[in-house]
Amino acid sequence: MNKNNYCPLNYTMTLIGTKWKPLILFHLLEGALRSGVLQKQIIGISNKMFTQTVRELEKDGLVIRKVYPVVPPKVEYALSERGKSLENILRSLDEWGANDLDN
């Protein structure tokens, strides 16, 4: 990466700047959730988009996926330490949205 053209905001938005990523990360702030429970909390997300988004978050080291060897399969998602470091940003975005709705 060329340090002269480096933009920290661009880097951050590349990691979390889609419609669904911040929502998934926000819902995981309170702790690990089973895949189905997490998906139900993200209103409007399709199965395909949910799977694609959590895979990207896992690849980027923001989410940890744990598969339990049971039948039926049980998959749980949790924030990694890197993902937890976004808590203040996510909570600030949530607070801003709540305040803006009131105006």
Side-chain angles (χ1 to χ4, degrees):
M1 178 178 295
N2 184 344
K3 292 280 185 184
N4 294 332
N5 295 328
Y6 177 71
C7 174
L9 181 58
N10 186 45
Y11 173 75
T12 304
M13 293 306 291
T14 300
L15 290 176
I16 66 165
T18 67
K19 178 177 182 178
W20 304 112
K21 287 180 181 180
L23 295 171
I24 290 171
L25 293 168
F26 184 79
H27 285 288
L28 291 174
L29 286 174
E30 302 306 319
L33 290 172
R34 290 186 68 167
S35 179
V37 172
L38 178 58
Q39 187 173 353
K40 285 178 185 166
Q41 291 183 354
I42 313 297
I43 297 168
I45 194 169
S46 68
N47 256 355
K48 179 183 176 188
M49 187 54 64
F50 176 79
T51 300
Q52 178 182 325
T53 304
V54 291
R55 283 183 183 161
E56 289 173 9
L57 290 168
E58 184 181 14
K59 178 183 71 75
D60 291 333
L62 299 172
V63 166
I64 298 166
R65 179 178 185 256
K66 184 172 182 179
V67 180
Y68 293 89
V70 295
V71 177
K74 177 183 173 185
V75 177
E76 224 176 49
Y77 291 98
L79 292 178
S80 66
E81 287 305 312
R82 187 177 188 207
K84 289 175 186 175
S85 72
L86 293 165
E87 181 171 4
N88 290 339
I89 294 168
L90 295 167
R91 293 209 186 273
S92 292
L93 287 169
D94 182 59
E95 183 180 337
W96 184 89
N99 291 334
D100 194 61
L101 278 174
D102 291 340
N103 292 330

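- Other members of the cluster containing Met13 are Leu9, with ILVMFWY side chains joined at under 4.5 Å, either directly or via other members.
- Exactly one of Leu86, Leu57, Val54 qualifies for a side-chain contact (heavy atoms from CB on, under 4.5 Å) with Lys21. That residue is Leu57.
- In the hydrophobic clustering of this structure, Val70 does not group with Val37; members are Ile, Leu, Val, Met, Phe, Trp, Tyr whose side-chain heavy atoms approach within less than 4.5 Å, directly or through other members.
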Please report, to 0.1 Å, the donor-acceptor pairs under 3.5 Å made by any side chain of residues 44-52, with sequence neighbours excluded.
| residue | atom | partner | partner atom | Å |
| --- | --- | --- | --- | --- |
| Ser46 | OG | Met49 | N | 3.1 |
| Asn47 | OD1 | Gln39 | NE2 | 2.6 |
| Thr51 | OG1 | Asn47 | O | 3.0 |
| Gln52 | NE2 | Glu56 | OE2 | 3.4 |

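- Closest heavy-atom contact between Pro22 and Leu90: O-CD2, 3.8 Å.
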Kindly list each side-chain donor-acceptor pair under 3.5 angstrom involving residues 58-68, sequence neighbours excluded, with atom names and distances?
| residue | atom | partner | partner atom | Å |
| --- | --- | --- | --- | --- |
| Arg65 | NE | Tyr77 | OH | 3.4 |
| Tyr68 | OH | Glu76 | OE1 | 3.1 |

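- With rounding to the nearest 0.5 angstrom, the OG1 atom of Thr53 is 5.0 Å from the CD1 atom of Ile24.
- Nearest heavy atom pair, residue Leu38 against residue His27, reads CD1-CB, 3.8 Å.
- How far CG of Asn10 is from CG of Leu15: 10.0 Å, rounded to the nearest 0.5 Å.
- Within 6.0 Å of NZ in Lys19 there are 12 or fewer heavy atoms belonging to other residues, nucleotides or ligands.
- The 12-atom threshold is not exceeded at CZ of Arg55, counting heavy atoms of other residues, nucleotides or ligands nearer than 6.0 Å.
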Margin query: Between Lys84 and Glu87, does the salt bridge (charged side-chain N to carboxylate O under 4.0 Å, His left out) criterion hold? Intermediate values first, please.
Written below: CA-CA 5 Å; Lys84 289 175 186 175; Glu87 181 171 4; over 6 Å; no
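- Atom CH2 of Trp96 and atom CG of Leu101 lie 8.5 Å apart (nearest 0.5 Å).
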Margin query: Please evaluate residues Phe26 and Leu23 with respect to the criterion side-chain contact (heavy atoms from CB on, under 4.5 Å), reporting the C-alpha separation (whole Å), side-chain torsions for both, the decisive distance (0.1 Å), and the verdict.
Written below: CA-CA 5 Å; Phe26 184 79; Leu23 295 171; 5.7 Å; no
